[in-house]
Amino acid sequence: MSQDRLHALLIPALQRAFQDSFGTPVEERALVLQQTRAEFEGDLTINVFPFLRVTGKSPEQTAQAIGEHLVGHVEVVERFNVVKGFLNLVISDAYWSRFLHEAASSDILAFPATGAEVMVEYASPNTNKPLHLGHLRNIFLGWSVSRILEAAGNKVIKVQVINDRGIHICKSMLAWQRFGNGETPASSGLKGDKLVGKYYVEFDKAYKQEVDTLVATGVPKEEAEKQAPILLEAQDMLRQWEANDPAVRALWEKMNGWVYDGFNATYERIGVTFDKNYYESQTYVLGKEDVLKGKERGVFYEKDGAVWVDNTKEGLDEKVLLRRDGTSVYMTQDIGTAIKRFEEFPNLKKLIYTVGNEQDYHFKVLFIILKKLGFAWADELFHLSYGMVDLPSGKMKSREGTVVDADDLVQEVVDAARAVTTELGKLDDFSDEEKAELFEMIGLAALKYFLLKVDPKKRMLFDPAASIDLQGHTGPFIQYTYARIRSLLRKAGEAAAESDPASSKSQVLLPEERVVLKLLHQFPAVLSEAAMRLDPSALANHAYELVKAYNGFYQSVPVLKEEDEGKRSRRLALSTAVAKATKKAMWCLGIEVPERM
RNA sequence: GAUCCCGUAGCUCAGUUGGAUAGAGCAUCUGCCUUCUAAGCAGACGGUCGUUGGUUCGAAUCCAACCGGGAUCGCCA
């Protein structure tokens, strides 16, 4: 478990306890405080087994001695009990009450500014087809990581790389020219990215047909795939593009423009923004100079007229960086782009690439190359690698049409949210606009939370039915708890103003309250852990645990109905604190929370 | 073939410097709305933590081998 302020308080105290009781120091890193399991009394537990060699006593005797010392010397340790080798510490209600006051009156998930500037690249779409489910995992993950890093005190620059150039877009352009009859988003009402994607598919159809025709005339399949006239024409178009042919460039700009309109509509709906866009059409020329310079300095070498890097010492292999004809490969421009970014942002502390794990090898090589070129910042590059998204039917394959379209998916979850919410009928006094806004909020929460609660590194299964679920371990469940608390606090408005917290004599916490407080107390440590590991799932899961515990409290402990003013105000404070932390955590996940639902 | 990732309840997932009887959600079943939002709560059912060895007082966690799934290894992007 990650460190929090109780740890900071108790670890030195434990060291002193060992020193005083047994005359031997113990290392700080050997001391591990864990959450006490629910079936025992206590808040924090230390296992003394590792120290028996030092103390020379039995587990029970050791734990007893340490426990007594702590109670005697540390104010917040109220009492303790020993079960086998486990020393369970009970933290005082006074400590928890102080913490509650802080959590209710301030933002416990706010961190001091670190002064560091971090760049997160979290989208890199191609402009020949619309966004799909895989992009959504990528985007939600990168967006959330950006938010988490911001919350952790960093300045974050969010960027996207747009692969706007290359054979893929030429294929769409050519097919549109040939079969499009001048269709535009305006003329057909089709979203721009969908329209361009449609012609990419058209190209593929025509291409396959031509290949089949060639094969029928006796051309070997492999040859036919290279010789299909439409492909040759697309390649020719790419050459014309590179030669700056005005007509090709104009068409390219027009169709890319449609795609951007489409992407932007999607981005706006899912609530993400970028500070800067990098276009491959501008960056693809980068890197060549750097590679040539590297060759001069002997970092790279020439073989068969091409420039290579040798990473065999690093356990990898050799890789071409410049082709025999002097042109770049993908790696080359990534080298150049990284260098450019650090030139543009001289204060950049860290550069994070949110890219699927199919490119693990690519980034390994990229980082090694930049290191070999001598850039000090090469150590600060990080590939935030995430696993592929599978469907119950298997892998998503664009060729087989099993790709889940991002816009369709968003629409589905929003529709599901509308259906369920309408069914529950709690929105009688909502205006149509308010309803529409709420459905978006709930639907997107379901989708985002579903994709973010899983460890990013792992391949995951996307079950459409489960993703629109609004109950259990879901985003809407968390939203619901938040809305419920807000409702409670609204009602408390007058009552809270009248109550006097100082009149409370009762500081004894109920178990239900204590459980919630402990989870709140851990929250800052969970956030900093999430920031360190670049893992939103840790935060997502903790937010769920917190509201789950709160619901248990809510169900069995009266708040507004509590007669004792002190208890009532304490429970309102607890509710306030949970709402605040929940809202902030959801903000870090890129999920909004409603005041009512 | 080489390298890397993954394997925990019927399903989807937590479990991160090795610690107590491995936890949630979904699904199935049982209770709880004349009380602060039942999108909720309480409970039941459900496990050879892929397998076998090893290290350790102690292993889902570390190591090795094997089995199963996936990815990558192009003068493609």
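Letters A, B, ... mirror the listed sequences (proteins, then strands); counts begin at 1. Model, not experiment: these values are computed from the prediction.
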Practice item. Name the nucleic acid region contacted by A:Gln479, choosing base, sugar-phosphate or nothing; use a 4.0 angstrom heavy-atom cut-off, strictly under. Key: nothing

**Study point:** Of A:Thr36 and A:Asp463, the one whose closest RNA chain B nucleotide lies more 5'
**Key:** A:Asp463

Practice item. Please determine if a side-chain N or O atom of A:Arg37 lies less than 4.0 Å away from the OP1 or OP2 oxygen of B:G23. Key: yes

**Study point:** Pair assignment for B:G46, Watson-Crick or G-U wobble, requiring both distances under 3.5 Å
**Key:** none

Study note, to complete from the structure: Here the distance between atom C1' of B:U72 and atom CG of A:Asp360, to the nearest Å, is 8 Å

Review point. B:G7, B:A20, B:G70: which one has an atom nearest the side-chain heavy atoms of A:Arg459?
Key: B:G70

**Study point:** Integer angstrom distance from the C1' of B:U61 to that of B:U56
**Key:** 13 Å

Practice item. Provide the Watson-Crick or G-U wobble partner of B:G40, both distances under 3.5 Å; none if there is no partner. Key: B:C32

Review point. With respect to the phosphate group of B:A14, does any side-chain polar atom (N or O) of A:Lys458 fall under 4.0 Å of OP1 or OP2?
Key: yes

Point to revise | Identified pairing partner of B:G10, criterion: Watson-Crick or G-U wobble below 3.5 Å | key: B:C26

Revision key, fill the gap. With sugar-phosphate taken as primed atoms, P, OP1 and OP2 and all else as base, the protein-contact string of nucleotides 54-65 of chain B at under 4.0 Å (heavy atoms; B, S, -) is ---B--------

Check your understanding: Atom NE2 of A:His473 and atom P of B:C13: how far apart are they, to the nearest Å?
Key -> 12 Å

Check your understanding: NA contact type, A:Asn311, heavy-atom cut-off 4.0 Å: base, sugar-phosphate, or nothing?
Key -> nothing

**Study point:** Spacing of A:Asn163 atom CG relative to B:C76 atom P, expressed in whole Å
**Key:** 17 Å

Review point. Rounded to whole angstroms, how far apart are CE on A:Met460 and P on B:A71?
Key: 17 Å

Exercise for review: Give A:Ala466 one of three labels, base, sugar-phosphate or nothing, depending on what nucleic acid heavy atoms sit under 4.0 Å from its own.
Suggested key: nothing

Practice item. Carefully, step by step, assess A:Asp43 and A:Leu6 under the rule side-chain contact (heavy atoms from CB on, under 4.5 Å). Key: CA-CA 11 Å; A:Asp43 299 312; A:Leu6 267 176; over 6 Å; no

Check your understanding: Which letter, B, S or -, goes with each nucleotide of nucleotides 29-44 of chain B from 5' to 3', with contact meaning a protein heavy atom under 4.0 Å?
Key -> ------SBBSBBSS--

Practice item. Calculate the interatomic distance between A:Leu33 atom CG and B:U17 atom P; express it in whole Å. Key: 13 Å

Exercise for review: Grab the CG-P distance between A:Asp334 and B:A77 for me, whole Å please.
Suggested key: 11 Å

Practice item. Please work out if A:Tyr330 contacts a base, only the sugar-phosphate, or nothing of the nucleic acid, heavy-atom cut-off 4.0 Å. Key: base

Point to revise | Carboxylate-amine/guanidinium contact A:Arg570 A:Glu513, below 4.0 Å | key: yes

Review point. Which whole number of Å gives the distance between the C1' atom of B:U35 and that of B:A27?
Key: 32 Å

